[in-house]
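When reading the values below, keep in mind they use all heavy atoms of this one structure, side chains included, and skip hydrogens, waters and symmetry mates.
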Amino acid sequence: MKTKLFLTLYGSLAFALTMFAASADDKAVRDADAEWSKVAGAKDLDKTVSFYADEAMVLPPNEPMVTSKTGIRNLWKGFLDSLTDISWKTTHVEMAKSGDMGYLIGTYAMTMKDGTKDTGKYCEVWKKQADGKWKVTADMFSSDLPATPATSPAPGSAEKK
């Protein structure tokens with residue numbers, strides 16, 4: 001009887017500790033993403049890029065994947081130079097049971113220097129680093145605005161002489 005009671009209590013405690021750790025990781029990633037939005041909104045290029053892991057990949061819309069720190073820095077420099085403001089907010093977090101990875105989904109809003117406003121959605125994959133800090137390993141985003149039509153003619157539709 002004592003063994004059964006002990007196992008029940010032990011199991012309940014283990015479950016509670018796991019749930020506490022999961023909620024702590026969830027909060028840590030949410031907080032990191034909120035801070036990232038804040039530094040990007042302040043147009044701090046160095047701090048903005050510092051949220052990416054060394055092996056990070058960014059998948060911007062209508063552009064090739066960016067897979068190097070230098071490429072990510074150049075991508076963000078172009079963004080920040082063309083914007084008057086940018087912000088985003090997490091709407092969903094899912095953490096791996098292992099506690100070392102999670103993904104966030106959210107929405108963003110930005111205004112370009114020409115006054116154009118854009119809203120969209122994003123998905124980020126965060127990974128806990130060896131030092132315990134959370135970093136982005138994959139970042140993908142897309143606009144809610146309708147796609148602009150291609151300006152070049154479709155193959156085979158050019159006028160024939």
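For Y122 and T90, the side-chain atoms include at least one donor-acceptor pair closer than 3.5 Å. With no hydrogens or angles considered, no side-chain donor-acceptor pair links W134 and D33 at under 3.5 Å.
Taking the side chain as every heavy atom from C-beta outward, Y108 and S142 never approach each other to under 4.5 Å. Looking only at side-chain heavy atoms (C-beta outward), I105 and E124 stay at 4.5 Å or farther from each other. Counting heavy atoms from C-beta on, the side chains of F51 and V39 come closer than 4.5 Å. Residues V58 and M65 have side chains not in contact (no heavy-atom distance under 4.5 Å, counting atoms from C-beta outward).
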Just distance, no hydrogens or angles: give the donor-acceptor pairs under 3.5 Å from side chains in residues 109-116, sequence neighbours left out.
residue: T111; atom: OG1; partner: D85; partner atom: OD2; Å: 3.3
residue: T111; atom: OG1; partner: K117; partner atom: NZ; Å: 3.4
residue: K113; atom: NZ; partner: D81; partner atom: O; Å: 2.8
residue: D114; atom: OD1; partner: T116; partner atom: N; Å: 2.8
residue: D114; atom: OD1; partner: T116; partner atom: OG1; Å: 2.7
residue: D114; atom: OD2; partner: T116; partner atom: OG1; Å: 3.3

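For the pair K128 (side chain) and K133 (backbone), a donor-acceptor distance under 3.5 Å is absent. Formation of a donor-acceptor pair under 3.5 Å by the K127 side chain with backbone atoms of A53 is not found in this model. The backbone N or O of A34 lies less than 3.5 Å from no partner atom in the side chain of K89, so there is not a single donor-acceptor pair.
How far OG1 of T137 is from CE of M57: 6.5 Å, rounded to the nearest 0.5 Å.
Between W36 and Y52, the ring planes are perpendicular. Angles over 60° get that label, and only those under 30° would be called parallel.
Heavy atoms only, all atoms of each residue included: A56 and V136 are closest at CB-O, 3.4 Å.
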